[in-house]
Amino acid sequence: MVQLTERERILRTYKRQEVDRIPMLDTAWEGTKRRWASEGLPENTSWESYFGFDRWIRVCPDNSPRFERRILEQNDRYRIETTPWGNTQKVFNELDSTPEVLDFYYNDSDKWEEAKAKMLTDYEDRIPWKWLEENYPKWKKAGRFTQLTVWFGFDVAHSRLTGTENMLIGMYEEPEWVTDIFDTYLNTSLNLCQKILDAGYEFDGIFWYDDMGYKGSPFFSPQLYRDLLKPYHKRAVDWAHERGMVAELHSCGFIEPFIPDIIETGVDMLNPLEIKAGMDPFKLKAQYGDKLCFHGGINAQLWDNIDLVKAEMERIIPVMKEGGGYVFASDHSIPNSVSFQNMTEIAKLAHKLGKY
């Protein structure tokens, strides 16, 4: 088969059609990229092009309540700041560290109306128009796969707006508050995405983050998913499909109990199949491979041990690529424990195993 463009390869994979090789799409930490640059990655060369990975372009409009950004404290180790979503967080200066959330301003249903009013306030700069105008022709010429990032759901609501405990309690005690949050997030995001489409820009799909599990268990029951969140997932997928776009859901953690319902929403591809949380790619492929495509599933904790990760790739890739519908990636992202040499060998093996 002739070599496909990245866009052709990825779109055909969504449809489980014949491709030259499986797509390879992943994210590397900033510290990982710096490490590779110090260990041999040529200057001014993207890691994706060097290792032969495919690329996506994602555009994410800003539907936040635009809480005032302020730095409250700063020293050599960290800074404490407020975010556009109203939380206060400690951001450590160490590369690739995770911010520590200290407080949520919009943490209950009484404050929600204030956040909602701000989210519904239209600003022209919620969309990066200049960036789009400058770069969109380059993406089209290069054959890039493009996605609109839709910002809604359980994950972004609890992690950015309310706090996990408040959201989980609200799902049981104040479901109307929770569904209003989901509804507002989704409506504002889709309205902004529609403006982009109305301006003449064309996109291949939508993508959204909605981590619904942790190690060994979802955050909430399948019934709560059906009652509160599933209708909004379906609305997002329907919106995409009606416009000729595909839909990919990113959900970390163990979410296997949700998979039948996720399939009913029409989601085309699931990412990242977090092995270390208990997800079983073989089980998913066997049970749902004719209805759902998969992206990821190679345990990121093994990538610093070349023998272990190669064995994992040789075990998983041949099974997952059978019949199409599989994209190679780690089960989250590439950590800075992965050396340039390891990544060189991983990429080489992925190309070899991924050929049809």
Next on the checklist: Applying side chain to side chain contact (heavy atoms under 4.5 Å, CB included) to Thr188 and Leu120, what does each step give before you reach the verdict?
Outcome noted: CA-CA 7 Å; Thr188 53; Leu120 293 173; 3.7 Å; yes
Next on the checklist: If you apply the rule side chain to side chain contact (heavy atoms under 4.5 Å, CB included), what do you find for Tyr78 with Glu73, and how did you get there?
Outcome noted: CA-CA 8 Å; Tyr78 61 82; Glu73 182 183 337; 3.1 Å; yes
Checklist entry - Which is it for Glu30 and Lys33 under the salt bridge (charged side-chain N to carboxylate O under 4.0 Å, His left out) test, yes or no, and what are the steps along the way? => result CA-CA 5 Å; Glu30 286 303 312; Lys33 290 183 279 188; 2.8 Å; yes
Checklist entry - Would Met343 and Leu41 count as a side chain to side chain contact (heavy atoms under 4.5 Å, CB included) if you check the C-alpha gap in whole Å, the side-chain angles of each, and the deciding distance to 0.1 Å? => result CA-CA 11 Å; Met343 191 62 199; Leu41 181 67; over 6 Å; no
Checklist entry - Taking it one step at a time, do Met245 and Leu197 satisfy side chain to side chain contact (heavy atoms under 4.5 Å, CB included)? => result CA-CA 11 Å; Met245 295 188 286; Leu197 298 181; 4.1 Å; yes
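Not less than 6.0 angstrom separates the ring centroid of Trp131 from the ring centroid of Tyr201. Centroid-to-centroid, the aromatic rings of Tyr232 and Phe154 stay 6.0 Å apart or farther. Aromatic ring centres of Tyr225 and Phe219 lie farther apart than the 6.0 Å criterion allows.
Taking 4.5 Å as the limit, every side-chain heavy atom of Met167 sits out of range of all side-chain heavy atoms of Phe104. Residues Pro128 and Val59 form a side-chain contact, since some pair of their non-hydrogen atoms from C-beta on lies under 4.5 Å apart. Between Gln287 and Ile263 there is no side-chain heavy-atom pair separated by less than 4.5 Å. Side chains of Ser49 and Arg55 form a contact here, defined as non-hydrogen atoms less than 4.5 Å apart. Residues Leu349 and Glu314 meet the side-chain proximity criterion, which asks for heavy atoms closer than 4.5 Å. In this structure, the side chains of Leu273 and Asp331 stay at 4.5 Å or more apart for every pair of heavy atoms. Put simply, the side chain of Phe203 does not reach to within 4.5 Å of the side chain of Arg243, judged on heavy atoms. When side chains are defined from C-beta on, Trp208 counts as touching Leu249, because their heavy atoms get closer than 4.5 Å.
For the residue pair Ser337 / Trp303, no side-chain donor-acceptor distance below 3.5 Å is found, with atom types taken as modelled. Between the side chains of Arg235 and Asn187, at least one donor-acceptor pair of N or O atoms lies under 3.5 Å. Tyr136 and Glu202 share no side-chain donor-acceptor pair at under 3.5 Å.
The two residues Ile298 and Met313 come nearest to each other via the heavy atoms CG2-CG, 4.1 Å. Residues Phe53 and Leu25 come closest through the heavy atom pair CD2-N, 4.1 Å. Residues Met119 and Ser64 come closest through the heavy atom pair CG-C, 3.9 Å. The minimum heavy-atom distance linking Cys60 with Thr149 is given by the pair CB-CB, 3.7 Å. Nearest heavy-atom pair across Pro175 and Leu228 is CB-CD2, 3.8 Å. Nearest heavy-atom pair across Lys310 and Glu345 is NZ-OE1, 2.9 Å.
Side chain of Asn63 to backbone of Tyr185: a donor-acceptor contact under 3.5 angstrom is found. In this structure, the side chain of His295 does not engage the main chain of His250 through any donor-acceptor pair within 3.5 Å. Arg126 contributes no side-chain N or O that, together with a main-chain N or O of Ser189, makes up a donor-acceptor pair within less than 3.5 Å. The main-chain N or O of Arg70 is found under 3.5 Å from a side-chain atom of Thr82 such that the two form a donor-acceptor pair. Using modelled atom types, no side-chain atom of Tyr326 and backbone atom of Pro23 make a donor-acceptor pair closer than 3.5 Å. A donor-acceptor distance shorter than 3.5 angstrom exists from the side chain of Asn342 to the backbone of Asp304, with no hydrogens or angles considered. In this structure, Asp20 contributes its side chain and Leu4 its backbone to a donor-acceptor pair below 3.5 Å. A distance-only check finds no donor-acceptor pair linking the side chain of Thr184 to the backbone of Ile181 [under 3.5 Å]. Proximity of a side-chain donor or acceptor of Tyr123 to a complementary backbone N or O of Asp62 within less than 3.5 Å is not detected. Of the possible donor and acceptor atoms, none in the side chain of Ser251 sits under 3.5 Å from a partner among the backbone N and O of Leu270.
More than 12 heavy atoms of other residues, nucleotides or ligands shown are found within 6.0 angstrom of CZ on Arg12. Counting non-hydrogen atoms of other residues, nucleotides and ligands closer than 6.0 Å to NZ of Lys140 gives a total above 12. Atom CD of Glu113 is surrounded by more than 12 heavy atoms from other residues, nucleotides or ligands within 6.0 Å. Residue Gln3 places its CD atom among 12 or fewer non-hydrogen atoms of other residues, nucleotides or ligands, all under 6.0 Å distant. At most 12 non-hydrogen atoms from other residues, nucleotides or ligands lie less than 6.0 angstrom from CD of Glu165.
In terms of hydrophobic clustering, with Ile, Leu, Val, Met, Phe, Trp and Tyr side chains grouped at heavy-atom distances under 4.5 Å, Phe294 and Ile275 are assigned to different clusters. In the hydrophobic clustering of ILVMFWY residues, with side-chain heavy atoms under 4.5 Å counting as a link, Phe328 and Phe282 come out together. Under the 4.5 Å side-chain heavy-atom criterion for grouping Ile, Leu, Val, Met, Phe, Trp and Tyr, Leu292 is connected to Tyr209 within one hydrophobic cluster. Val327 is connected to Val246 through a chain of hydrophobic side-chain contacts under 4.5 Å among Ile, Leu, Val, Met, Phe, Trp and Tyr, so both are in one cluster. Both Ile255 and Leu229 belong to a single network of hydrophobic side chains, linked directly or stepwise wherever heavy atoms of I, L, V, M, F, W or Y lie under 4.5 Å apart.
The existence of a salt bridge linking Lys234 and Asp238 is confirmed by a sub-4.0 Å separation between a basic side-chain nitrogen and an acidic carboxylate oxygen. The pair Lys116-Asp183 fails the salt-bridge criterion, with no side-chain N (NZ, NE, NH1 or NH2) lying under 4.0 Å from an Asp/Glu carboxylate O. In this structure, Glu6 does not pair ionically with Arg9, as no charged nitrogen and carboxylate oxygen lie closer than 4.0 Å. With salt bridges taken as basic N to acidic carboxylate O contacts below 4.0 Å, one links Asp125 and Arg66. Under the 4.0 Å criterion applied to side-chain N and carboxylate O atoms, Lys130 and Glu133 are not assigned as salt-bridge partners. Comment: Arg35 does not engage Asp96 in a salt bridge, judged by the lack of any side-chain N to carboxylate O separation of less than 4.0 angstrom.
The side-chain hydrogen bond (donor to acceptor under 3.5 Å, both in side chains) test with Asp268 singles out one residue from Lys15, Lys291, His241, and that residue is His241. For the pairing with Trp36, the ring-ring contact (aromatic ring centres under 6.0 Å, His included) check across Trp47, Tyr50, Phe340 returns one residue only, Trp47.
The aromatic rings of Trp85 and Trp151 are tilted relative to each other, their planes meeting at an angle between 30° and 60°.
By the ring-ring contact (aromatic ring centres under 6.0 Å, His included) test, Phe92 is found to be paired with no residue, residues two or more places apart in sequence or in another chain being considered.
For the pair Lys111 and Tyr105, the cation-pi test (distance below 6.0 Å, angle within 45°) is passed.
The distance from atom CD of Glu8 to atom CD1 of Ile10, rounded to the nearest 0.5 Å, is 10.5 Å. Going from atom CZ of Phe220 over to atom CE of Met171 covers 4.5 Å, rounded to the nearest 0.5 Å.
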